[in-house]
Amino acid sequence: MADLSLDFQFKSPINKVWDALTHSDTLAQWVMENNFRPIVGYKCQFRNPEIGLIVESEVLVVEKPFKLSYTWVGGPINTIVTWTLKEDGDITHLHLDQTGFDEENQAAFNGAKYGWSYMVEELKKVMEEK
C-alpha cells in the first residue's frame with residue numbers, strides 16, 4: 001500500500017480552517033458537492049457530476065479542531081483521508097494523510113496528489129474571502 005502525505009499552511013485561526021474542512025457548504029466550494037457532517041459514523045457522498053464521480057465516505061474520527069478522518073471510496077480507490085491541524089502563532093498547519101492506495105495503481109495515487117494540491121489552493125482562495 002502507498003500513502004499520500006501533504007502539508008499546507010494557512011494564515012488563519014485553527015477554528016476557521018476546521019470549519020472549512022467540516023461545513024458542507026464550504027467543502028462544496030473547494031472539494032465537491034457533498035452532504036458531509038462531522039459526526040462519527042455518518043455516511044455521506046462527495047459528488048462531481050461533471051465527470052460522473054461519486055465518492056462514498058464514512059466519518060471515522062472527529063476531534064475538533066485537531067483531527068478529522070473519513071473513508072474516501074470512489075472510482076479505483078478505497079482509502080482513508082485524515083486531516084491533522086496544529087496552530088502555531090498566527091499560522092495553522094494542515095497535514096493530509098491519505099492511506100490505502102494500491103501500489104499497482106500509481107495513476108490513482110498521482111491523481112489524488114494533484115487533486116488535493118489543487119483543491120487546497122482553492123481552499124486558500126475560499127479562506128481569503130471569508
For Trp30 and Tyr118, what are the C-alpha separation, side-chain angles and deciding distance, and is it a side chain to side chain donor-acceptor pair (under 3.5 Å)?
CA-CA 9 Å; Trp30 67 276; Tyr118 172 81; over 6 Å; no
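- Side-chain contact between Phe36 and Val31: absent, with no pair of heavy atoms (C-beta onward) separated by less than 4.5 Å.
- Applying the salt bridge (Lys or Arg N to Asp or Glu O under 4.0 Å) test to residues at least two apart or on different chains, none of the pairs has a partner in residues 69-84.
- In this structure, Tyr42 has its ring center at least 6.0 angstrom away from the ring center of Tyr70.
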Which pairs of donor and acceptor atoms, one on a side chain in residues 50-64, lie under 3.5 Å apart (sequence neighbours left out)?
residue, atom, partner, partner atom, Å
Glu56, OE2, Gln45, NE2, 2.8
Ser57, OG, Thr71, O, 2.7

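- Under the salt bridge (Lys or Arg N to Asp or Glu O under 4.0 Å) criterion, Glu33 pairs with no residue at all, not counting sequence neighbours.
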Verify side-chain contact (heavy atoms from CB on, under 4.5 Å) between Phe46 and Asn35, making sure each step is shown before the conclusion.
CA-CA 7 Å; Phe46 290 86; Asn35 62 331; over 6 Å; no
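- Note: Phe66 CZ to Glu87 CD = 8.0 Å, rounded to the nearest 0.5 Å.
- The ring-ring contact (aromatic ring centres under 6.0 Å, His included) search around Trp18 returns none, not counting sequence neighbours.
- For the side chain to side chain donor-acceptor pair (under 3.5 Å) test, residues two or more places apart in sequence or in another chain that qualify with Asn110 are Gln106.
- Checked against side chain to side chain donor-acceptor pair (under 3.5 Å), Trp72 has no partners two or more places apart in sequence or in another chain.
- Evaluation of the side chain to side chain donor-acceptor pair (under 3.5 Å) rule for Ser24 yields Asn34 as partners, not counting sequence neighbours.
- Transitive grouping of hydrophobic side chains (ILVMFWY, heavy atoms separated by less than 4.5 Å) brings Val120 and Met127 into a common cluster.
- Every residue two or more places apart in sequence or in another chain that forms a salt bridge (Lys or Arg N to Asp or Glu O under 4.0 Å) with Lys124 is listed here: Glu121.
- Side-chain atoms of Trp116 do not come within 3.5 Å of backbone N or O of Gly111 as any donor-acceptor pair.
- Across Leu85 and Pro65, no two heavy atoms sit closer than the pair CB-O, 3.4 Å.
- Here Asp3 contributes atom CG and Thr82 contributes atom OG1; the two are 10.0 Å apart, rounded to the nearest 0.5 Å.
- Side-chain contact between Thr79 and Phe101 is present, with heavy atoms from C-beta onward closer than 4.5 Å.
- With sequence neighbours left out, the ring-ring contact (aromatic ring centres under 6.0 Å, His included) criterion links Phe8 to no other residue.
- Here Glu122 pairs with Lys125 under the side chain to side chain donor-acceptor pair (under 3.5 Å) rule; sequence neighbours left out.
- In this structure, CD on Gln29 lies 14.5 Å from CE on Met119, to the nearest 0.5 angstrom.
- Hydrophobic clustering of Ile, Leu, Val, Met, Phe, Trp and Tyr side chains at less than 4.5 Å, counting indirect connections, keeps Ile80 apart from Met32.
- A distance of 7.5 Å separates OG1 of Thr26 from CG of Asp19, quoted to the nearest 0.5 Å.
- Residues Arg37 and Thr22 fail the side-chain proximity criterion, which asks for heavy atoms closer than 4.5 Å.
- The cluster map of Ile, Leu, Val, Met, Phe, Trp and Tyr, joined by side-chain heavy atoms under 4.5 Å apart, puts Val73 and Leu4 in different clusters.
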Enumerate donor-acceptor pairs with a distance under 3.5 Å from any side-chain N or O in residues 89-97 to protein atoms, sequence neighbours excluded.
residue, atom, partner, partner atom, Å
Thr92, OG1, Ser12, O, 2.5
Thr92, OG1, Ile14, N, 3.1
His95, ND1, Leu6, O, 3.4
His95, ND1, Asp7, OD1, 2.6
His95, NE2, Ser5, OG, 3.3
His95, NE2, Asp97, OD1, 3.0
His95, NE2, Asp97, OD2, 3.2
Asp97, OD1, Ser5, OG, 3.4

